Visitor: 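Mind looking over this structure? Questions follow.
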Amino acid sequence: VERARLGPAERDVAAIATEAQKAAAMVARLVSFAAAEQVEARPVAISTLLRNLIEFRESDWKASGIRVRDLTTREPIYVQGSPGQLEQIFLHLLVHAEQSLASAQQKVITVRTSVLAKRLVVEISFSAPPEVRKAEETAAVLGVTRSVIAGHGGEVRLIEKTGADPRFEVELPAS
């Protein structure tokens, strides 16, 4: 049904239904995070996982004026691991990047995947002004992320160079 044909009450109901669906999806994700995953490691298609997270956050990013550059590879790259834990970690990094952009003039998040010597590299760069970045918040994000990524045989680092956008790099063994 086209929105233009709907009356004000119907448009309000449609908007409420859309927001309720987003809230239900968010609650489902939080519940899946909270459920301790005691499953064996299995192949996880990281590019697909990242694209799903981008899609999940995209409407909020658009509303905040954030532009996303999705440079993930289209062919699946697999790592052995816990899908829920990996999704939680990448969502955590994306949300940190999003929050860092609150007062930025240019609001861009770039997500890139590549393979280097049988290692999957995921880069999440963001155009945050240096004065906005809070070292203690970033340290907390990296602390949580580091232990989960290490459990998957990988590493995570924050790269900050003068004149370049900061970026998180997550490196995992490709399977």
Side-chain angles (χ1 to χ4, degrees), residues 21-22 25-26 28-30 32-33 35 37 39-102 104-129 133 137-138 140-175:
Q21 286 174 334
K22 285 198 314 194
M26 192 172 294
R29 283 184 190 279
L30 290 171
S32 75
F33 293 162
E37 257 192 295
V39 295
E40 287 182 32
R42 61 179 195 184
V44 180
I46 293 295
S47 291
T48 303
L49 182 146
L50 289 167
R51 279 195 300 280
N52 288 341
L53 287 173
I54 290 167
E55 187 177 298
F56 174 66
R57 296 297 303 145
E58 203 161 25
S59 64
D60 290 330
W61 288 341
K62 281 182 183 172
S64 301
I66 296 172
R67 193 169 55 91
V68 180
R69 293 178 54 219
D70 177 0
L71 303 177
T72 56
T73 57
R74 293 299 164 213
E75 66 275 356
I77 304 169
Y78 292 93
V79 300
Q80 288 291 96
S82 159
Q85 287 181 350
L86 291 169
E87 180 179 64
Q88 182 178 7
I89 288 306
F90 285 113
L91 181 60
H92 200 58
L93 293 174
L94 288 168
V95 168
H96 181 73
E98 169 187 347
Q99 291 169 346
S100 298
L101 295 175
Q105 293 293 316
Q106 295 289 320
K107 297 182 181 193
V108 180
I109 296 174
T110 303
V111 182
R112 174 181 284 118
T113 55
S114 57
V115 176
L116 184 64
K118 296 189 180 181
R119 305 278 289 173
L120 165 68
V121 179
V122 177
E123 295 175 47
I124 299 172
S125 61
F126 49 102
S127 55
R133 292 182 235 135
E137 286 178 17
T138 303
V141 168
L142 286 173
V144 170
T145 304
R146 201 166 268 133
S147 61
V148 173
I149 294 300
H152 285 78
E155 302 176 41
V156 62
R157 55 198 158 265
L158 173 64
I159 297 173
E160 296 181 286
K161 293 181 181 171
T162 306
D165 288 342
R167 75 177 184 271
F168 290 110
E169 279 188 0
V170 179
E171 200 176 299
L172 292 161
S175 60

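Both backbone and side-chain heavy atoms feed into the values below; hydrogens, waters and symmetry mates do not. None of the values given here were measured: they were computed from a predicted structure.
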Visitor: Hey, mind stepping through Ile149 and Leu86 against side chain to side chain contact (heavy atoms under 4.5 Å, CB included) and telling me if it holds?
Guide: CA-CA 8 Å; Ile149 294 300; Leu86 291 169; 4.2 Å; yes

Visitor: Below 4.5 Å, heavy atoms only, C-beta onward: do Thr110 and Phe126 meet side chain to side chain?
Guide: no

Visitor: Does Ser127 use its side chain to pair, donor to acceptor, with the backbone of Gln106 at less than 3.5 Å?
Guide: yes

Visitor: Below 4.5 Å, heavy atoms only, C-beta onward: do Arg74 and Ser47 meet side chain to side chain?
Guide: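 No, too far: nothing below the 4.5 Å cut-off.
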
Visitor: The test is side chain to side chain contact (heavy atoms under 4.5 Å, CB included); show your working for Val122 and Arg112 and say whether it passes.
Guide: CA-CA 6 Å; Val122 177; Arg112 174 181 284 118; over 6 Å; no

Visitor: Would you indicate whether the side-chain heavy atoms of Pro173 and Lys118 approach each other to under 4.5 Å?
Guide: no

Visitor: List the steps, then state whether side chain to side chain contact (heavy atoms under 4.5 Å, CB included) holds for Glu87 with His92.
Guide: CA-CA 8 Å; Glu87 180 179 64; His92 200 58; over 6 Å; no

Visitor: What is the minimum heavy-atom distance between Lys107 and Ala102, and which atoms define it?
Guide: NZ-O, 3.2 Å

Visitor: To the closest 0.5 Å, what do you measure between OG (Ser114) and CG (Leu120)?
Guide: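 Between atom OG of Ser114 and atom CG of Leu120 there are 7.5 Å.
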
Visitor: Show, in sequence, the C-alpha distance, side-chain angles and deciding distance for Glu123 and Phe168, and conclude whether the side chain to side chain contact (heavy atoms under 4.5 Å, CB included) test is met.
Guide: CA-CA 6 Å; Glu123 295 175 47; Phe168 290 110; over 6 Å; no

Visitor: Quick one about Thr72 and Thr113 (side-chain donor to acceptor, distance below 3.5 Å, no hydrogens or angles considered), yes or no?
Guide: no

Visitor: Can you find a pair of side-chain heavy atoms, one from Ile109 and one from Ile66, that are under 4.5 Å apart?
Guide: yes

Visitor: Looking at Arg157, I'd like to know if its CZ atom is crowded, meaning that more than 12 non-hydrogen atoms belonging to other residues, nucleotides or ligands lie closer than 6.0 Å.
Guide: yes

Visitor: Going by side-chain hydrogen bond (donor to acceptor under 3.5 Å, both in side chains), name the pairs with one or both residues in residues 142-154, residues two or more places apart or in two chains.
Guide: none

Visitor: Would you call Val121 and Val115 a side-chain contact if the rule is heavy atoms closer than 4.5 Å?
Guide: no

Visitor: Take atom CD in Glu58; do more than 12 heavy atoms of anything else shown fall under 6.0 Å from it?
Guide: yes

Visitor: Do Arg57 and Val95 come within less than 4.5 Å of each other through their side chains, counting heavy atoms only?
Guide: yes

Visitor: His96 versus Leu93: any side-chain heavy-atom pair under 4.5 Å?
Guide: no

Visitor: Please check this pair: side chain of Thr73 against backbone of Glu75, looking for a donor-acceptor N/O pair closer than 3.5 Å.
Guide: yes

Visitor: Check whether any side-chain heavy atom of Ile46 lies under 4.5 Å from a side-chain heavy atom of Phe90, and answer yes or no.
Guide: yes

